[in-house]
Every structure is written in structure tokens, then in C-alpha cells.
Amino acid sequence: MKRTILAALAALAMSGAAEADTIKIGVIGPFSGPFALQGKNFKAGIDAYMALNGSKVGDDDVEVIYRDVPQADPAQSKALAQELVVKEGVQYLAGFYFTPDAMAVTPLLEQGNVPLVVMNAATSAIVTKSPLVVRTSFTLWQTSTPIAKVAKDAGVSKIISVVSDYGPGVDAENAFKKAYEAAGGEIVEAVRIPLATNDFSPIMQRVKDSGAQGVFAFLPSGPTTLGFVKAYNENGLKDAGIKLFAPGDLTQESDLPALGEAALGLQTTFHYAVSHDSPENKTFVEAAGKAIGNPAELSFPAVGAYDGMHVIYKMIEATGGEQDAQKAVDAVKGLSWTSPRGPVSIDPESRHIIQNIYLREVAKTADGSYYNKEIQTFEKQGDPGLAALK
Amino acid sequence: MLPRIIGKQDGHMQTVFSIAVDALAYGMVLFVISIGLSVTMGLMRVVNLAHGAFAMIGGYIASYAARDMGLGYGIALMIAVFGTIVIAIPIERLLYRRIYGAPELTQVLMTIGITFCVIGIANYVFGPTLKTIPLPTGLQGSVDLGFRSIATHRLFAILCGLAVAAALWYAIEKTAFGVKLRAAVDNAAMAAALGVRTEIVYAVSFAVAVGLAALGGVVGAELLPVEPYYALRYMVTFLVVVSVGGAGSIPGTLVACLLLGGIDTAGRYLVPEFGEFFFYLAVIAIVCVFPRGLAGRTR
């Protein structure tokens, strides 16, 4: 009898200690399947942050729990988020590579009393779905707007827009169109192509026939990007002087070794280049490169995750480890810090990240590898997409 | 490029020619990869969903040989074809041999399982990033056709496709091995009773099919880049080609590739907003009229 009571007491003491001391963060992302590389980058960013800043905030231990949603699957994402909140007792939800996955989770936040820190999903509307959403990545409006000015400044006044026919592609098209027309340019044609396109030759022919002086393109990074850039070169568009303008998705660091010579000189705008020259980025790349194993696989979701962890640490600090979602989110409104990508802050109104957008050009290093060289900075860019929503 | 001094009528003709050239190039790349699948499905009666995986293995080997070991393109191509066959032989002996003549569902489950294993291994060994096969200088750049330019490697793919079609047709229709193969396919028991070593015939055909997959994986790599999900990503397209062409028929597959390549390319040029609507509409129409494919044989 005595022994049972002792055991029960011991169990109580242990569970009590665990509750007070460990703060759990649930991270949902694609950790297997065709997008596993992006999930790997989430993990690398998170690991890097915890390696550099410790796994303790005050007296509380921080524990990250990962859940895998291989492809955009809102139902699965919602079920896993629910499980994380109810069964695992996470105080924070984070991650989310795809917009629909993040959208599906927003109705749970208020009831679960958990903030959601979006580390990638890049559609403007997500932050409007719940006051408990904070985003540390970017939106396509944010990265596609400055390139319109670049195009106009380069003396190109007639452009054909070619985007993949899905949410982010449509966002990119709208963002570019708005900024480019405001700058006095003309979109001669806007073409949307299926995501599963393999052969881009006919598209290039269409670009030629449109009589445009330049082409604006957005495709998700991966095989399609490679096909598109190669077709752009091989069909003589580059030689004919038709310029290519795109957000940074077309020249992702993980695709650059494959794109190689074909991408040389391409100009894109984006919020982060692994080559960004700052002491903060040097520390980050070293730590995240170690975490991911092969530094060549490092790309933008890692920095979104790294900064997401920074925001969550600040939230834990502000709430003293107590579960209070609204207080946590309020604490980071207006928060500013120096990220590996440059100076950033959380817009108090939209809870989206304000950051520099860089114009980069693909260049070759002395040892023959390719990188995005930053050549111009557009400072403190908010999300023009939110204004367009209203 | 010709200067744009031509009239509107000529402009239309030029567009038609342009689409035709693109369609031919795309169709031939599809043909080189799909013909091996047509052989396994039509002649060996195995629904081989791992065909894309073998094409991918070929691509990876060629990429490794040419990029990391610095070998020439031709040598890398040979190593890829033979390397893939060497990898496939134990798989054939241990796994495929059990599913010859098995119900289709068993075949599908087994081969899709192999595909996932190959994807996992490729992801683990080579990582998730894209791999390229560097082209020799002779295949880089583009050739001017007068009314437009076309990438040289596409011409190479077209030639490869024609060569493969001719060689296969000759092997199956005109050689003693072809006679044995057709006999073994039509009635394995009777062929065996007449002294045909059906096991060997099957093993050789399987090796040829896998070798063709690898060849297609390498030659088509500029269009369908090599990455771990290659094995699944393009499998639907390959299966569509075979079912439209009629499994086991070389002319059927060739016609299907050119037809589908043409429809896909024209659709993409003229009405890209419709996506693959016309492609699949054509597939449905053809399969309705020819349930066994354009040149399918009745069993």
C-alpha cells in the first residue's frame, strides 16, 4: 500500500514538473514526398536557431514536435494540428509550407488558445483569417512587386506574363500587373499554364509571337523551373533580347547547380539569398548548413523557420511560459530585429513581416558554382497584397 | 530567325510549322521512354508501374558518370543503359518472375512498391535536388531551321526515337528471337513445348525494355529533369501513351506519341488556359473508339 502511494506521488511530481517546464511547439510541414526538401529546410532553420540560442527560454525547456503533410492537404493538416493541440498540448503552431494547409488551421486557433507562426505559406490572405496568425516568410505580392519597377527601369514597356495556373501563380500575375501598369508599362498578354507542364517550347513561341520586349514568369521551384529557363535559352529568346523578369522562385539556390550556365545573368527579386553579405547571415548559414547536412540544399524556407523561432521565443518570453495566445501575439506586434536576410519587423496591423526585397543576378563564383548576387535593395517592403484584398 | 517582313498568311503557316516541330520533338522523347513500357505491357503482359523508376535510374547513373566522374556523354549514356540493366536483372529474377501471368492487381501492387523503394533510395543517395546530364558541345545550342530555331539535343532525341523504332521493329518482326518472343507471348506453354526457352526470352525482353527506359531517361532528361519523384511524376503520361497506342505495338506507340505530342503542343500554344483539357479529351475519344489502343491486338 505504502509503495503504491509513493509511486503515485512520484508520478504526480514528475508530471507536474513536466507541465511547468516544457513548452511544446508543433511544426507542420512537408517532411517526406516531393517537397521534403522544403520541410528539411524548416527543420534546419529551427535546429540552427536552437543551436545558437539554446533550447531554453527563461526556466522553460522548448520542445519541437514535427508532423508531416507531404503535399498540400488541408484536411490532413487540420487533423494533425488538432492532434498537436489536444493530445500533445502544444502552445504554439508553426511551419506550413502550403497556403491551403495554413488556412485550414486558422479556425482552430482561438479555441485552442494557440498562436500560429507561418514560416512559409505565401498567400496574402492568411493573416486576415485569424488575429492569432503571424508570418515570418514573404508573400508573392511582396516579392513580385519590385521586379515590375526593375523591368520598367530597364526600358521594357511591353511585357507578356506567364505563370503557373494555381494560387501563388495568380497572385504573382496580379501583383506584377498592378505594379507594372502603375509604372506605365503594358501587359500585352497574360498566360496561365498548367502546373504539370513539361515542354515549354510552345510557350516560348507564344512569347515570341506576342511581340513583347520582356516576359514576366512565375513557376514553383523544381523541375518546371529548370524546363522553363532552358526553353527560354534554347528557343532563342535570350539571344533575341527578350528579357526575363521573375520573383526569386525561378533561381532558388537548390536549383542553381542544375540550372547552371542557363541561369547566368537572370535577374530576380526575393527576400533572401543564401549569399546575403552580413555577419548574421554568416552565422545562420554555418549553423543551418550543418543542420541540413548538405549546405547546397539550403534555401529560403530555412530563414522563414529561423525567424519564426525567434518570434516564438519572444512570445514565450513575454508570456513567461503561460499559455495566452493573444498576449503572445500582441507582444511581437512591432517587434524588429536583424534577421539573416537583413532588418525586419512585424507589422503591428497585419502581423506580416516587413522586410527588404533584393534584386539579385545569378553570378558565378571563382570555384565555378552559381549564386544569387544582390545588386539592389528595396527597403522596408510591406505586403501590397493586403491592400489589394480590401 | 527570319525578319518579320512576311505577310499574315505566311505568319500562320510559320506558326503551324513551329507547332509541328515542337510536337515532333516532344512526341519522340515520349516515344523513347514509353516504348519500353509498351514492350513489357504488351509483349510480356506485365503492368510495369516501375518503368519510370528504371528511366530515372538511367538518368541518375548518366548524371553521376558525366557530371561527377567527368566522362563523355556517349560513354555515360552506355554506362546508364547497361548499369540499369545490371540493376534490373536481380529484380527480374527475384521479383518480376513471380508476377508473370499473375492478376493485374498483384502486378500493380508489386511494381508500385518497387517504385516507392527506388524513390526512397534515390532520395537518400542523391538527395532531393535536380540532377542534370551535361551535354557535349555538339548537342548544345540550337539549330536554325530557317523559320525558327530548335535545340540540338531535341534533334538528337528525334533521331534516337527513329533509330529505336526501326531497330525494335526489325528485332521483333524479322529475327529468330522475335519469332520466339511472339510465340512465347501468344502461348507460353506451347512455345515451351516446342523447345523455346521462355524464361530466357522473357529475361532478355525485360532487359531490353529496361535498357530502353534508361535510354529514354537520359535522352529525355533535358525535358523531364531527373529528381527522385521522376519515377511517379511522368508515369501517367507514359501509361496514357501506351494505352492509346496499344500495348506491344511499335507503330501504334509511335503514332500515339506523335498524335498526343501534337495535341498537347498545339493546345499549349493556342489555349494554355485550358491546361491539359484537350490532351485528355483526345485520350478519352481515342480509347472510346479503340478500347485496345490504336494498334492493339485482341487477346
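Quick note on labels: first sequence line is chain A, next is B, and so on, each numbered from 1.
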| message | Given heavy-atom pairs under 4.5 angstrom as the criterion, report whether the side chain, backbone, both or neither of A:Thr197 touches chain B. | response |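 Both backbone and side chain of A:Thr197 come within 4.5 Å of chain B.
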| task | Heavy-atom distances under 4.5 Å only: say whether A:Asp165 touches chain B with side chain, backbone, both or neither. | result |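 The answer is the side chain of A:Asp165.
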| query | What are the two closest non-hydrogen atoms of A:Arg206 and B:Leu270, and how far apart are they? | reply |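 Answer, listing the atom of A:Arg206 first, then B:Leu270: NH1-O, 2.9 Å.
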| Closest heavy-atom contact between B:Pro272 and A:Pro194? |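 Residues B:Pro272 and A:Pro194, closest heavy atoms: O-CD, 3.7 Å.
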Heavy-atom distances under 4.5 Å only: say whether [X] touches chain A with side chain, backbone, both or neither.
X: B:Thr265; answer: both
X: B:Phe274; answer: neither
X: B:Val236; answer: neither

| task | Find the one option among B:Lys131, B:Gln140, B:Arg154, B:Glu276 whose heavy-atom pairs under 4.5 Å with chain A are most numerous. | result |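 When all of B:Lys131, B:Gln140, B:Arg154, B:Glu276 are compared, B:Arg154 has the most.
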Is [X] atom [atom1] crowded by more than 12 heavy atoms from other residues, nucleotides or ligands, each under 6.0 Å away?
X: B:Phe279; atom1: CZ; result: yes
X: B:Phe17; atom1: CZ; result: no
X: A:Lys238; atom1: NZ; result: yes

| message | Would you compute the distance between atom OH of B:Tyr269 and atom CD1 of A:Ile203 and round it to the nearest 0.5 angstrom? | response |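 Atom-to-atom, B:Tyr269:OH and A:Ile203:CD1 are 10.0 Å apart.
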| message | As an exercise, state the distance from CG of A:Asp199 to CG of B:Leu223, rounded to the nearest 0.5 Å. | response |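 Going from the CG atom of A:Asp199 to the CG atom of B:Leu223 covers 5.0 Å.
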| said: If you define the side chain from C-beta out and look only at heavy atoms, does anything of A:Leu226 sit under 4.5 Å from B:Glu222? | reply: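 With C-beta onward as the side chain, the pair stays apart.
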| Who in residues 33-48 of chain A is close to chain B, using a strict under-4.5 Å heavy-atom cut-off? |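 Heavy-atom contacts from residues 33-48 of chain A to chain B are A:Gly33, A:Pro34, A:Leu37, A:Lys40.
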| Neighbourhood of chain B inside residues 250-262 of chain A, taking heavy atoms under 4.5 Å as contact |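 Under the 4.5 Å heavy-atom cut-off, A:Ser254, A:Asp255, A:Pro257, A:Ala258 qualify.
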| field | Pair B:Arg268, A:Ser201: side-chain N/O donor-acceptor within cut-off below 3.5 Å | value |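 Checked: B:Arg268/A:Ser201 side chains show no N/O donor-acceptor pair below 3.5 Å.
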